[in-house]
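The first residue in the sequence is number 1, and the count goes up from there.
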Amino acid sequence: MKRILKYTIGWDIDGKEGYLTIIDETQTSHVFSKLPLPEFHILAVMLKEKNVFIDNNKWVIGGWEKGEHS
């Protein structure tokens, strides 16, 4: 897994689709386009977490230490 360092999100108001570009710790760019609103919303929330990663299968994985969000 590689830590996500930066991301850019956008929402096409007319087309009702989300767009996401993720930059990982190796400076590799991962582009996701034409995301439906539910998927876009989940990713936008996940990316706000402190520890977010992307793996080779393009899974976006977030987590936190126990007690951090009590």
Side-chain angles (χ1 to χ4, degrees):
M1 287 192 297
K2 297 171 191 108
R3 184 178 300 277
I4 294 172
L5 298 180
K6 300 187 258 184
Y7 64 91
T8 303
I9 60 175
W11 182 255
D12 176 355
I13 293 173
D14 291 334
K16 308 287 189 250
E17 297 172 330
Y19 295 85
L20 168 66
T21 302
I22 290 172
I23 307 293
D24 69 30
E25 62 191 341
T26 65
Q27 299 304 308
T28 301
S29 195
H30 307 270
V31 178
F32 303 88
S33 59
K34 299 186 178 183
L35 300 170
L37 181 58
E39 186 176 341
F40 181 77
H41 177 75
I42 289 168
L43 288 167
V45 169
M46 286 180 71
L47 288 166
K48 290 180 184 179
E49 292 295 331
K50 184 169 86 174
N51 296 311
V52 185
F53 303 87
I54 187 163
D55 72 6
N56 293 337
N57 296 316
K58 295 210 174 198
W59 277 61
V60 175
I61 301 159
W64 54 89
E65 291 182 32
K66 222 173 156 179
E68 215 175 288
H69 292 289
S70 319

For V45, all residues meeting side-chain contact (heavy atoms from CB on, under 4.5 Å), sequence neighbours excluded: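 Once residues adjacent in sequence are excluded, the partners of V45 under the side-chain contact (heavy atoms from CB on, under 4.5 Å) criterion are H41.
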Assigning hydrophobic clusters by single linkage (Ile, Leu, Val, Met, Phe, Trp, Tyr; side-chain heavy-atom cutoff under 4.5 Å), is I4 placed with M46?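 They do share one cluster, since a chain of ILVMFWY contacts under 4.5 Å joins I4 to M46.
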Nearest 0.5 angstrom please: [X] [atom1] to [Y] [atom2], how far?
| X | Y | atom1 | atom2 | answer |
| --- | --- | --- | --- | --- |
| I42 | L37 | CD1 | CG | 9.5 Å |
| E39 | L20 | CD | CG | 9.5 Å |
| Q27 | L5 | CD | CG | 6.5 Å |
| F40 | K34 | CZ | NZ | 15.5 Å |
| I54 | H30 | CD1 | NE2 | 4.5 Å |

Could you check if a side-chain atom of I61 sits within less than 4.5 angstrom of a side-chain atom of M1, using non-hydrogen atoms only?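 Contact flag for I61/M1 side chains = yes.
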Test side chain to side chain contact (heavy atoms under 4.5 Å, CB included) applied to Y19 and D12, I9, T8, the passing residue: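 Testing each of D12, I9, T8 against Y19, the sole residue satisfying side chain to side chain contact (heavy atoms under 4.5 Å, CB included) is D12.
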Checking side chain to side chain contact (heavy atoms under 4.5 Å, CB included) against V52, which of L43, D24, L47 comes through?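 Looking at L43, D24, L47, the match for V52 under the side chain to side chain contact (heavy atoms under 4.5 Å, CB included) is L47.
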I'd like to know if the side chain of N57 reaches the main chain of W59, judged simply by a donor and an acceptor atom lying under 3.5 Å from each other, with no hydrogens or angles considered. no
Test ring pair (Phe, Tyr, Trp, His ring centres under 6.0 Å) applied to F32 - qualifying residues, sequence neighbours left out: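 Ring pair (Phe, Tyr, Trp, His ring centres under 6.0 Å) check on F32 returns nothing, list empty.
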Should we say atom NZ of K58 is surrounded by more than 12 heavy atoms from elsewhere, each under 6.0 Å from it?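 Atom NZ in K58 is packed in, count exceeds 12.
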